[in-house]
Amino acid sequence: MIRANWKFFETACKNDYIRKHSKSASTYQALESISKMNGLMEKPTKYVLCNTLSSCAKNLNWHLGIQIHAYMIRSGYEDNLFLSSALVDFYAKCFAIVDARKIFRAMRIHDQVSWTSLIAGFSANKQGRDAFLLFKEMLGTQIRPNCFTLTSVINACVGQNGDFEHCPTLHVHVIKRGFDTSNFVISSLVDCYANRGQIDDAVLLFNETSEKDTVIYNTMISGYCQNQYSEDALKLFVEMQEKNMNPTDHTLCSILSVCSSLAVLLEGKQVHSLVIKMGSERNVFVASALIDMYSKSGDIDEALCVLDQTSKKNTVLWTSMIMGYAQCGRGLEALELFDYLLTEQELIPDRVCFTAVLTACNHAGFIDKGEEYFNQMRTNYGLSPDIDQYACLIDLYARNGNLRKARDLMEEMPYDPNCIIWSSFLSACNIYGDVELGREAANQLIKMEPCNAASYLTLAHIYTRKGLWNEASEVRSLMQQRIKRKPAGWSWIEVDKQFHVFAVDDVTHQQSNEISAELEKIYFGILEVSPHVVEDINIEA
DNA sequence: GTAGGGTTAG
């Protein structure tokens, strides 16, 4: 029997695995709690029920919430608009979106709040399409959307697939209804554009906003950060300080993430000082960003220190540390930590945690262990692997020379292999010189990204190593036909058979370094084997 | 009298 305590329910609702157990807990504490809130064992009024439901929604207190629902039915409050809206919100926030929809559909009348609650619910449950359809349905009624509704539906577009392009349409609604002065709405639009890689639109909107608050700054910084405009993110951070706007924990997270991607330990340490000054080291988001920053900068000991000092550790924090070990090549320590957490700390791993564990196996070359952990996901934790964990296992097989096994798994898995999977598979084919599988992988990649030179060049490399000069030449001429000009923003010159990559003006120093590294990686392989290929890869405009 | 909103982590 699991003891009923509210902390447990908060966690329980976040995780399906525990959630099924939470149903077996006793219910008396729930009723006791309602009574206490209402004072001295009296019957709860509809106001108390409403407030309590709202609090259950905020704190993910599933058990108490369903007790209140039961009480509502018994007491004839089912038709109360306020209570029903709060109930929709409660179920939606507790990830029971099917129940939320059921309550909403059973309501005889709806208002802005009930519509918005379900739209926001779909959005929070990553069902952007449903949120957008419901918004369209709402437009067909007498109830007009308000700024809450628009924020929720715009938010639903974030993280959706490429074909789900409603951000400009919603932007028009925002302007038409005069919500373009609301920072709430504008920040969700900035986030939406940035998330879709339309950074110019995000910047335009940000610059047009006259009274910028901290959140809108944070959103823009985070947008720059997501799109690898690290220097612009830093500039905006400085601008914020010049305007005497206090950074928040969100700002710190984004800036630490910038320091991670630039691997600038010195600047990262300065931000760490600011974290301490602001007293934010207890924030688990900030702590996680710090661990990530230190481990990506190669200072794993400092990452451990941060972890030790964080009193409230959760799965994300532990995962950061496991990933930190894995990425700096200390796979064994990563796995030891994971095993310790399972046995001693009762860690309940999620999918991302398994990604970190499988990455560790990958870096350490532990095939058997990798397979074991992969199978444990389903058998021990009821988690069906998603494409990221499949990608890890496929990469683990391929890197270690089991190309056939990797290819079979790509066939068996319930997802279509993405660019990441094909390109890691192609580079394994290159290492092990497998012409047949390499050709297939390159062709798939060329179909997906016809203008990415890397796939053509890697395939040409595989052919050249096997002495298949004609095939290699065919691939190179195909590349020259398809890629007619140099990718925007960078160029290169050849001096003494060495490539010197330089950036044109509008490319930041950081991007230019990344491009150099990438090109050096590609061309070094080619130069090594067959110097005459060098002439062919001068793709002129 | 009661309900709903924006940016953050692996």
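Here is the naming used below: chain letters follow the sequence lines, and residue numbers restart at 1 for every chain.
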Exercise. Phosphate oxygens OP1/OP2 of B:dG5: is one of them under 4.0 Å from a side-chain N or O of A:K93?
Worked result: yes
For this session: Specify the separation, in whole Å, of atom NE2 of A:H69 and atom P of B:dA3.
Result: 19 Å
For this session: Identify whether any heavy atom of A:N155 sits under 4.0 Å from a base atom; if not, whether one sits that close to sugar-phosphate; answer base, sugar-phosphate or nothing.
Result: sugar-phosphate
Exercise. Is a donor-acceptor pair below 3.5 Å formed from side chain A:N51 to base B:dA3, judging by atom type as modelled?
Worked result: no
Problem set entry | Under 3.5 Å donor-acceptor pair, A:S188 side-chain atoms to B:dG6 base atoms | no
Exercise. With no angle test and no hydrogens, is the base of B:dG6 tied to the side chain of A:N218 by a donor-acceptor pair under 3.5 Å?
Worked result: no
Exercise. So what does A:V88 touch, heavy atoms closer than 4.0 Å: a base, only the sugar-phosphate, or nothing?
Worked result: nothing
Exercise. For A:F148 and B:dG5, are the ring centres under 5.5 Å apart with planes inclined under 30°?
Worked result: no
Problem set entry | Rounded distance [0.5 Å steps], CG in A:L170 versus CD1 in A:I154 | 5.5 Å
Problem set entry | Ring centers of A:Y91, A:H69 separated by less than 6.0 Å | yes
Exercise. In Å and rounded to the nearest 0.5 Å, what is the CD1 to CH2 distance from A:I119 to A:W115?
Worked result: 7.0 Å
Exercise. In whole angstrom, what separates A:F338's CZ from B:dG10's C1'?
Worked result: 13 Å
For this session: Report the relative orientation of the aromatic rings in A:F425 and A:W422; use parallel for angles under 30°, tilted for 30 to 60°, perpendicular for over 60°.
Result: perpendicular
For this session: Quick one: label A:T151 by what it contacts on the DNA or RNA (base, sugar-phosphate, nothing), any heavy atom closer than 4.0 Å.
Result: sugar-phosphate
Exercise. Whole-Å distance between B:dG4 P and A:L53 CG?
Worked result: 11 Å
For this session: Describe the nucleic acid contact of A:K58 in one word from base, sugar-phosphate, nothing, applying a heavy-atom distance below 4.0 Å.
Result: sugar-phosphate
Seminar exercise, completed: Winner on side-chain proximity to A:S222, out of B:dG5, B:dT8, B:dT2, is B:dT8
For this session: Compute the centroid of each ring, for A:Y390 and then for A:F374, and state whether the two points are separated by less than 6.0 Å.
Result: yes
Exercise. More than 12 non-hydrogen atoms from neighbouring residues, nucleotides or ligands closer than 6.0 Å to CD1 on A:I420, yes or no?
Worked result: no
For this session: From the options B:dG10, B:dT2, B:dG6, select the nucleotide whose nearest atom is closest to the side chain of A:I216.
Result: B:dG6
Problem set entry | Value in whole Å for how far the P atom of B:dG6 lies from CG of A:D249 | 17 Å
For this session: Please determine, for the side chain of A:N183, which listed nucleotide (B:dG6, B:dG10, B:dG5) has the closest atom?
Result: B:dG6
Problem set entry | Nucleotide B:dG6, atom C1' - distance to NE2 of A:H250 in whole Å | 10 Å
Seminar exercise, completed: Testing B:dT8, B:dG6, B:dG10 for proximity to the side chain of A:S187, the answer is B:dG6
For this session: Among B:dG10, B:dA3, B:dT8, find the nucleotide with the atom closest to the side chain of A:C253.
Result: B:dT8
For this session: Would you mind reading off the distance between A:L236 atom CG and B:dT7 atom C1', rounded to a whole angstrom?
Result: 13 Å
For this session: With the side chain of A:D89 defined as its heavy atoms from C-beta on, choose the nearest nucleotide among B:dG4, B:dG6, B:dT8.
Result: B:dG4
Exercise. Where the side chain of A:F285 is defined as all heavy atoms beyond and including C-beta, which of B:dG6, B:dA3, B:dA9 is the nearest nucleotide?
Worked result: B:dA9
For this session: Could you work out which one of B:dG6, B:dG4, B:dA9 sits closest to the side chain of A:S54?
Result: B:dG4
Problem set entry | A:L307 CG to B:dA9 C1', straight-line distance once rounded to whole Å | 14 Å
Exercise. Would you say A:R351 has more than 12 foreign heavy atoms packed within less than 6.0 Å of its CZ?
Worked result: yes
For this session: May I ask you to say what A:N80 touches in the nucleic acid, namely base, sugar-phosphate or nothing, with a heavy-atom cut-off under 4.0 Å?
Result: nothing
Exercise. Do A:F82 and the base of B:dT2 stack face to face, with centres under 5.5 Å apart and an angle between planes under 30°?
Worked result: yes
Exercise. Can you tell me how far P of B:dT8 sits from CE of A:M240, to the nearest Å?
Worked result: 14 Å
For this session: Tell me which nucleotide among B:dT7, B:dG10, B:dA3 gets nearest to the side chain of A:D191.
Result: B:dT7
Exercise. Looking for any heavy atom pair under 4.0 Å, which part of the strands does A:T315 touch: base, sugar-phosphate only, or nothing?
Worked result: base
Exercise. Checking all strands, does A:S320 fall into the base, sugar-phosphate, or nothing category for heavy-atom contacts under 4.0 angstrom?
Worked result: sugar-phosphate
